[in-house]
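Reading through the structure tokens given below for one structure.
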Amino acid sequence: MLIYFGIGSNLGDREKNLLTALQLLRERVGECRACSSIYYSDPQGFVSDNEFVNIVAVFETSFLPEELLTITQQIEREMGRTIKS
């Protein structure tokens with residue numbers, strides 16, 4: 001099955017964060033079939049001094065959506081993402 005991921009970063013070395021996320025997805029999810037160019041955008045829905053970098057990537061995988069959620073949340077934690085309440 002094909003799955004589309006929207007990946008973004010606005011902290012640290014943003015472009016490197018995207019490349020790291022792509023590599024981890026390749027290792028854990030499956031083959032990356034296509035990847036967009038990098039897009040830069042202002043934050044939406046909140047105020048931040050940091051611009052976002054974003055890409056969309058298409059992967060071929062046999063994982064179910066629930067499994068993909070677990071995998072992607074683990075990758076986010078490993079990369080240092082924190083959720084503020």
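Quick caveat, the model's predicted, so the values are computed rather than measured.
- If you chain together hydrophobic residues whose side chains sit under 4.5 Å apart, Leu22 and Tyr40 fall into the same group.
- Between the side chain of Thr61 and the backbone N or O of Gly30, no donor-acceptor pair lies under 3.5 Å.
- Expressed to the nearest 0.5 Å, how far OG1 of Thr82 lies from CD of Glu76 amounts to 10.5 Å.
- Hydrophobic cluster membership for Phe52: Phe46 (Ile, Leu, Val, Met, Phe, Trp, Tyr linked by side-chain heavy atoms under 4.5 Å, directly or transitively).
- Considering every non-hydrogen atom in both Asn54 and Ser41, the closest pair reads ND2-OG, 2.9 Å.
- For residues 5-26, the ring pair (Phe, Tyr, Trp, His ring centres under 6.0 Å) pairs, not counting sequence neighbours, are Phe5-Phe59.
- For the side chain to side chain contact (heavy atoms under 4.5 Å, CB included) criterion with Arg77, the lone passing option out of Met79, Gln73, Arg81 is Gln73.
- Separation of atoms SG (Cys35) and CD1 (Ile7) is listed at 6.5 Å; rounding is to 0.5 Å.
- To the nearest 0.5 Å, atoms OG1 (Thr20) and CD (Gln23) are separated by 8.5 Å.
- To the nearest 0.5 Å, atoms CG (Leu2) and CD (Glu31) are separated by 10.0 Å.
- Counting only heavy atoms from C-beta outward, the side chains of Glu51 and Asn10 never approach each other to under 4.5 Å.
- Of all the heavy atoms in Ser9 and Leu18, the pair that sits closest is N-CD2, 4.3 Å.
- In terms of heavy atoms, Arg28 sits closest to Phe63 at O-CE1, 3.1 Å.
- The distance from the CG atom of Asn50 to the CZ atom of Arg14 is 7.0 Å, given to the nearest 0.5 Å.
- Leu11 belongs to no multi-residue hydrophobic cluster, having no ILVMFWY side-chain contact under 4.5 Å with any other such residue.
- Within the 4.5 Å cutoff, the side chain of Leu25 has heavy atoms near those of the Thr72 side chain.
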